[in-house]
Every structure is written in structure tokens, then in C-alpha cells.
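Predicted, not measured: the structure shown is a model, and the values here were computed from it. In what follows, chains carry the letters A, B, and so on, assigned in the order in which the sequence lines appear, proteins first and then strands, with residues in each chain numbered from 1.
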Amino acid sequence: MKKEQELKKRTRPNEVVKLSPQEITAFQNKIYRYYMKHRRPFAWRDVISPYRVFISEVMLQQTQTTRVIDKFALFLSVFPDFATLAQSPFSEVLRHWKGLGYNRRARFLHDSAAIIVEQFDGELPADPEILERLPGIGPATAASICVFAFDMALSFVETNIRTVYLYHFFGDQENVSDRELLSFVSATVDHERPREWYYALMDYGVMLKKSVGNLNRKSRHYVKQSKFEGSDRQVRGRILELLLEHDSLSVTELVAQLTEPAERVQRLIDTLAAEQIVQYRGQQVLLA
DNA sequence: GTCCAGAGTA
DNA sequence: TACTCTGGAC
């Protein structure tokens, strides 16, 4: 039987992946051999604390490592711990977030810090189910935080890991779901040193993307990025930029500055207000 | 034009 | 399940 067919058969729904100990070891060794020579140093790897891991994992959601590096250093110097972050005004958090994109994350992060201070005495819980209840923390980030902060042998899939498993275990298969990938991740995790294992997996995935191209198009969850120029996302960013500069502006003033239809600006401000990124004070708009 | 250590919402 | 959300590097 062809290898692809074998693997396909192994991944029927609700079936536990059965890889032989030899297969698992060979796979792990390949990943670790690459990692030993090409480990990527990052500030959030080289000095580890629950807070640093938490901030970095949220920053790294859908955001390139190169974009995060400088932002992480500055953010940590301004907001060194959960208590400081929770006490700081949201406008200052957003000011140090801006440029990373997905500005909702700044709101989520600020709210999470408050919850961690109030409900958990400023100590990040080492429990993925508890972390997943925090705003902006889904299953992947909850697991990754526990892996990197507490060295727990959990399973998660992100873009680099997805690339590795598609390449090694799914041949030419298309429309592969993350649930299928997760069963392989779970079967191959290094229980002795989970944190290092996931660093290695991600570094290896980055290398694969450069050498064999983006395999994620074979993922069931692949979606092509819509264009940014002229998009709502771009105008939202410009609205926040204006509010960071001027503290408070009327809708009329925002429309004038943006040279966009008033209807569109109004709609985007309403969305930002619903997400509690901005707020109305009378006719004035300001950061929440 | 394509991508990125995904999550929230309906 | 499908859609929205950043913005700069390449």
C-alpha cells in the first residue's frame, strides 16, 4: 500500500494515530538535528516568565516574528508585569501596540491583565482551560502559553507546525483539517522537553516554508488574505492613529481628516466602539 | 499580490 | 462553517 493511503487510513475520525516508536524517534531526531544548528534566539525564549510568554504569544498571533521583536522589547519596558499593564490607561497600551495590527488584541490583553490581577492575584494560571476563558485566548494560544511558560506537554497547531506535519505525514493529501494534524502532533510530542520540542518544530517549519513553499494551502482552514489597500482594516488603523494623536475628535473632524464617505467612517467608528476600542463622549470620539 | 506563533462572532 | 480583523516585509 502506498504511504499516503496508509496515512489516510490512520487518520479516520476519532482514531488515535498509531506511529511506531521508531517512526516517532526518527521524526523527532530530524527536527532536533535542524534545531541544534539553526535555533532562532528570541527575547521571549531567552528569558522566560509567564508574563513574557503571555505577551509574546498574543503579539505573535497572525503576526511575523520580525514584526514582534522590537515591539515586545518596548512593551515589556513600559509594562513590565500584569499589575502595571492592568493599571495603565488603554490609550497607552494601544499606543505601544500600534503597528502590530489586529488592534482588538490590545483591548483583549488589557482586559486579560485586569482579570489575572483581580481573580488570580497577578499569577498566570498554569491551566489551558482557564486561560482559554480569557479574552483573545483561544485553544492554540492557551496551549502554547502552557507549553512555553510551564513546559507542559500539550498539543497545538499554528502555521509553522501545520507546515511540518503536512509535509511529513500527509503527502499530497488536500483539505487536511487541524483536528487530523493535532492527532499527529499529540502522537509525536516530546514529553521530556515539550518547550524545546515546540521551539524546534516551529523553527523547522519556518525553514520548510522557505524551501518547499507554503503547504498551508492544503489545509482545510486555509483562506487567502484579502487585500489591505482601501480596506476597512486600513481605515480603522487610520482612525486609531488620529485618536492617538488628538485624544478626542468629533465624527465630523474624523471624516474631514480621512477623506472617506461619512457613512463609512461612522460605520467603522461604531464597530470600534462595539469592540470597546473607542468610546463616544457626547459628539466626541476618544480611545476607550 | 501573499504572508503572518489565530480568535471572536453569527 | 464563513467572515472580519492589522500593516509591513517580501
Quiz prompt | Euclidean distance, atom CD1 of residue Ile69(A) to atom P of dG8(C) [Å, nearest integer] | solution = 16 Å
Exercise. Begin from the C-alpha positions of Leu60(A) and Phe42(A) and carry the test side chain to side chain contact (heavy atoms under 4.5 Å, CB included) through to its verdict.
Key: CA-CA 12 Å; Leu60(A) 287 161; Phe42(A) 289 119; over 6 Å; no
Exercise. Respond yes when some side-chain nitrogen or oxygen of Lys224(A) is under 4.0 Å from OP1 or OP2 of dT2(B), and no when none is.
Key: yes
Quiz item: Would a 4.5 Å heavy-atom cut-off, applied to side chains only, mark Leu240(A) and Trp97(A) as touching?
Solution: no
Quiz item: Hey, where does DNA chain C pair up into stems, meaning at least three consecutive Watson-Crick or G-U pairs with distances under 3.5 Å?
Solution: B:1-4 with C:7-10, B:6-10 with C:1-5
Practice problem: Quickly work out the Lys98(A) NZ to dG8(C) P distance and round it to whole Å. | Solution: 7 Å
Quiz item: Is the backbone of Gly138(A) close enough, under 3.5 Å, to the side chain of Thr141(A) for a donor and an acceptor to pair up by distance?
Solution: no
Self-check item: Lys218(A) side chain vs Gly171(A) backbone, donor-acceptor pair below 3.5 Å
Solution: yes
Quiz prompt | Under 3.5 Å donor-acceptor, Ser183(A) side chain and Glu180(A) backbone | solution = yes
Quiz item: Among the nucleotides dC5(C), dG8(C), dG6(B), which one has an atom lying closest to any side-chain atom of Glu158(A)?
Solution: dG6(B)
Exercise. For the residue pair Thr63(A) and Lys71(A), confirm or rule out a side-chain donor-acceptor distance under 3.5 Å.
Key: no
Quiz item: Does atom OH of Tyr167(A) have more than 12 heavy-atom neighbours from other groups under 6.0 Å away?
Solution: no
Quiz item: So what does Trp97(A) hit on the nucleic acid, given a heavy-atom distance under 4.0 Å: a base, only sugar-phosphate, or nothing?
Solution: nothing
Exercise. Indicate whether OP1 or OP2 belonging to dG7(C) is found under 4.0 Å from a side-chain N or O atom of Lys227(A).
Key: no
Self-check item: Donor-acceptor pair (no angle test) under 3.5 Å: Arg67(A) side chain, dG7(C) base
Solution: yes
Quiz item: Want to settle it: does Val223(A) or Arg220(A) sit nearer the 5' end of DNA chain C, counting the closest nucleotide to each?
Solution: Arg220(A)
Quiz prompt | Gln234(A) CD - dC5(C) P separation (whole Å) | solution = 12 Å
Quiz item: Under the 3.5 Å rule, do the base of dG7(C) and the side chain of Glu241(A) count as making a donor-acceptor pair?
Solution: no
Quiz item: Rounded to the nearest Å, what distance is computed from the OH atom of residue Tyr102(A) to the C1' atom of nucleotide dC5(C)?
Solution: 6 Å
Practice problem: Please name the residue in the list Arg33(A), His38(A), Arg39(A) that meets the side-chain hydrogen bond (donor to acceptor under 3.5 Å, both in side chains) test with Tyr35(A). | Solution: Arg39(A)
Exercise. Calculate the interatomic distance between Ile55(A) atom CD1 and dA5(B) atom C1'; express it in whole Å.
Key: 15 Å
Quiz item: Would you say Tyr222(A) reaches dC3(B)'s phosphate, i.e. side-chain N/O to OP1/OP2 under 4.0 Å?
Solution: yes
Quiz item: Is there a donor-acceptor contact under 3.5 Å from the side chain of Asp81(A) to the main chain of Ala83(A)?
Solution: yes
Quiz item: In terms of the nearest nucleotide of DNA chain B, which residue is placed more toward the 5' end: Arg217(A) or Val157(A)?
Solution: Arg217(A)
Practice problem: Please confirm whether any donor atom in the side chain of Arg40(A) sits under 3.5 Å from an acceptor in the base of dA5(B), or the reverse. | Solution: yes
Self-check item: Syn/anti state for dA7(B) [syn: chi within 90° of 0]
Solution: anti
Quiz prompt | Between dG1(B) (P) and Glu229(A) (CD): distance, integer Å | solution = 10 Å
Quiz item: Between Gln225(A) (CD) and dG8(C) (C1'), how many Å, whole number?
Solution: 12 Å
Quiz item: Within less than 4.0 Å of OP1 or OP2 of dC4(B), is there a side-chain N or O belonging to Thr159(A)?
Solution: yes
Quiz item: Any donor and acceptor pair, going by atom type alone, linking the side chain of Arg105(A) with main-chain N or O of Leu100(A) inside 3.5 Å?
Solution: yes
Exercise. Please report, rounded to the nearest Å, how far the P atom of dC10(C) is from the NZ atom of Lys209(A).
Key: 15 Å
Quiz item: Is Gln62(A) side chain donor-acceptor paired with the dC4(B) base, going by distance under 3.5 Å alone?
Solution: no
Quiz item: Can you check whether Leu201(A) reaches Asn160(A) side chain to side chain, under 4.5 Å on heavy atoms?
Solution: no
Quiz item: If you look at every strand shown and take non-hydrogen atoms under 4.0 Å, does Asn160(A) touch a base, only sugar-phosphate, or nothing?
Solution: base
Quiz prompt | Pairwise P distance for dA5(B) and dC3(C), with rounding to whole Å | solution = 24 Å
Write out a two-atom table: protein N or O, nucleotide N or O from nucleotides 7-10 of chain B, distance below 3.5 Å.
from	atom 1	to	atom 2	distance (Å)
dA7(B)	OP1	Gly138(A)	N	3.0
dA7(B)	OP1	Gly138(A)	O	3.3
dA7(B)	OP1	Ala140(A)	N	3.4
dA7(B)	OP1	Thr141(A)	N	2.8
dA7(B)	OP1	Thr141(A)	OG1	2.8
dG8(B)	OP1	Gly136(A)	N	2.7

Quiz item: Can you check whether Asn216(A) has a side-chain N or O nearer than 4.0 Å to OP1 or OP2 of dT2(B)?
Solution: no
